[in-house]
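Heads up, the thing below is written out as structure tokens.
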Amino acid sequence: MLDPSQIRAITLDLDDTLWPIWPAIHRAEEVLLLWLKEHAAKTAALFPTTEALRSIRLQIERERPDLRHDLSALRRESIAEAMRRAGDDERLAIPAFDIFFAQRQQVQLFDDSLPALEFLAQRWPIVAVTNGNADVQRIGIGQFFRDSFNVSRTGFAKPDIRIFHCAAQSLGVPSSATLHIGDDAQLDVVAGRNAGMQVIWVNREHRDWPVQDQASPMMVSSLAQLCDLLR
């Protein structure tokens, strides 16, 4: 049973915990394609759909495992590679990525996210721990977070326990007194446990616990339920 009195800090996943990620990615890819049609026409002609752009991103992910967890670097390189193949100036990949990245920050929070952030931030310091490239300041929720850690900053991505330890250490709190909250069974729950943290699985879709060799964690189907649990 979770004892809120034993919690001194919160680490919190972002994508698919506070907002659905794929609608934001799809919109960002559409905006990127429109920009390419205006500024890199040969690239837009060679990769005329968002599916075509996504296919080259997946190819670069396979060919560059060193970039697999650095989503910003992976996206920039995939845009640059598309431009190289098309014969456009690959230096345009920098402003093209900036357009994509700005749109990627235009997320739609789940209805329960803002009330949950207000509730949690009044009680504990919160640090974001994400494998994505969301920027809490640009999204407009930075006031709820003491800090934010991702692979671009640390060099580590979940499930590497070092990214969790970076977050706890930034607050001067032991991992055992930190509660990690996230939606991914492996990257959040199993990895958070391995880092020595308490964990809660945000399971909005009511999925079965998929990790056969570990006991199922404490689970909530919404952040509203999470707040009720922690009151």
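Just so it is clear, the model here is predicted, and its values are computed rather than measured.
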Side chains of Ser170 and Phe149 in contact at under 4.5 Å (non-hydrogen atoms): yes
Taking all atoms of both residues into account, what is the closest heavy-atom pair of Leu32 and Ala96, and its distance? CD1-O, 3.6 Å
Check: Thr17 side chain, Asp183 main-chain N or O, donor-acceptor pair, under 3.5 Å: yes
Surrounding CZ of Arg91 (heavy atoms of other residues, nucleotides or ligands, distance under 6.0 Å), is the total greater than 12? no
Pro217 side chain near Trp209 side chain, heavy-atom distance below 4.5 Å: yes
Can you tell if the side chain of Trp201 reaches within under 4.5 Å of the side chain of Met218, non-hydrogen atoms only? no
Is any NZ, NE, NH1 or NH2 atom of the basic residue among Asp147 and Arg153 found under 4.0 Å from an Asp or Glu carboxylate oxygen of the other? yes
Donor-acceptor contact below 3.5 Å, side chain Trp22 vs main chain Ala24: no
Closest heavy-atom pair and its distance - Gly132, Asp15: CA-OD2, 3.8 Å
Quick one: do the Glu63 and Gln59 side chains pair a donor with an acceptor below 3.5 Å? yes
Nearest 0.5 angstrom please: Leu18 CG to Leu114 CG, how far? 10.0 Å
Taking it one step at a time, do Val127 and Leu12 satisfy side chain to side chain contact (heavy atoms under 4.5 Å, CB included)? CA-CA 6 Å; Val127 173; Leu12 186 62; over 6 Å; no
I'd like to know if the side chain of Arg27 reaches the main chain of Val107, judged simply by a donor and an acceptor atom lying under 3.5 Å from each other, with no hydrogens or angles considered. no
Report yes or no: is the cationic atom of Arg76 (NZ for Lys, CZ for Arg) closer than 6.0 Å to the six-membered ring centre of Phe97, at no more than 45° off its axis? yes
Could you tell me whether the side chain of Leu36 reaches within less than 4.5 Å of the side chain of Met83, counting heavy atoms only? yes
Mind running side chain to side chain contact (heavy atoms under 4.5 Å, CB included) on Ile56 and Glu81 for me, showing each step along the way? CA-CA 8 Å; Ile56 192 169; Glu81 177 62 20; 3.8 Å; yes
Take atom CG of Asp111 as the centre, draw a 6.0 Å sphere, and report whether it contains more than 12 heavy atoms from other residues, nucleotides or ligands. no
ILVMFWY cluster, Met219 and Val190 together (side-chain gap under 4.5 Å): yes
CG (Leu34) with more than 12 external heavy atoms under 6.0 Å: yes
Check whether any side-chain N or O of Gln186 sits under 3.5 Å from a backbone N or O of Pro159 as a donor-acceptor pair, and report yes or no. no
Look only at the side chain of Asn131 and the backbone of Ala157, and say whether a donor-acceptor pair between them is shorter than 3.5 Å. no
Set out, in order, the CA-CA distance, both residues' side-chain angles and the distance that settles side chain to side chain contact (heavy atoms under 4.5 Å, CB included) for Arg204 and Val202, then state yes or no. CA-CA 6 Å; Arg204 294 180 183 274; Val202 181; 4.1 Å; yes
Taking the cut-offs as 6.0 angstrom to the six-membered ring centre and 45 degrees off its axis, would you call Arg123 and Phe119 a cation-pi pair? yes
Under 4.0 Å between a side-chain nitrogen and a carboxylate oxygen: does that hold for Lys158 and Asp13? yes
Locate the shortest heavy-atom distance separating Ala45 from Pro48; write the atom from each residue and the value. O-CD, 3.8 Å
Could you see if Leu171 belongs to whatever hydrophobic cluster contains Leu179? Use Ile, Leu, Val, Met, Phe, Trp, Tyr and a side-chain cutoff under 4.5 Å. no
Interatomic spacing from CD in Gln108 to CH2 in Trp19 - rounded to 0.5 Å: 11.5 Å
Test item: side-chain donor near acceptor, Thr130 and Asn150, under 3.5 Å: no
To the nearest 0.5 Å, how far apart are CZ in Arg54 and CZ in Arg57? 9.0 Å
I'd like to know if the side chain of Ser175 reaches the main chain of Gly196, judged simply by a donor and an acceptor atom lying under 3.5 Å from each other, with no hydrogens or angles considered. no
Does a salt bridge link Arg84 with Glu77, judged by any charged N lying under 4.0 Å from a carboxylate O? yes
Are the side chains of Phe156 and His69 in contact, using a 4.5 Å heavy-atom criterion? no
Under a 4.5 Å cut-off applied to non-hydrogen side-chain atoms, are Asp184 and Val189 in contact? no
Are any of the side-chain nitrogens in Asp70 or Arg64 under 4.0 Å away from the carboxylate oxygens of its partner? no
Using a 3.5 Å distance criterion without hydrogens, assess whether the side chain of Lys37 forms a donor-acceptor pair with backbone atoms of Ala44. no
Single-linkage hydrophobic cluster, 4.5 Å side-chain cutoff, Ile163 and Leu71 together: no
Does a side chain donor of either Asn133 or Ser72 reach within less than 3.5 Å of an acceptor in the other side chain? yes
Salt bridge flag under 4.0 Å for residues Arg193 and Asp188: no
What I'd like to find out is whether the side chain of Asp88 reaches to under 4.5 Å of the side chain of Glu90, using heavy atoms alone. no
Cation-pi check, Arg75 onto Phe100 ring (under 6.0 Å, within 45° of axis): yes
Report yes or no: does His180 contribute a side-chain atom to a donor-acceptor pair with the main-chain N or O of Thr11 at less than 3.5 Å? yes
For the CD atom of Gln105 and the CD1 atom of Ile139, what is their distance to the nearest 0.5 Å? 5.0 Å
In this structure, CD of Gln106 is separated from CZ of Arg138 (nearest 0.5 Å) by 8.5 Å
Contact between Asp213 and Val211 at the side-chain level, heavy atoms closer than 4.5 Å - yes or no? yes
Would you compute the distance between atom OG1 of Thr49 and atom CD of Glu30 and round it to the nearest 0.5 angstrom? 11.0 Å
Any donor and acceptor pair, going by atom type alone, linking the side chain of Asp112 with main-chain N or O of Leu223 inside 3.5 Å? yes
Please lay out, stage by stage, how Ile10 and Thr178 fare under the test side chain to side chain contact (heavy atoms under 4.5 Å, CB included). CA-CA 6 Å; Ile10 299 285; Thr178 305; over 6 Å; no
Under 3.5 Å, is there a donor-acceptor pair between the side chain of Trp124 and the main chain of Ile7? yes
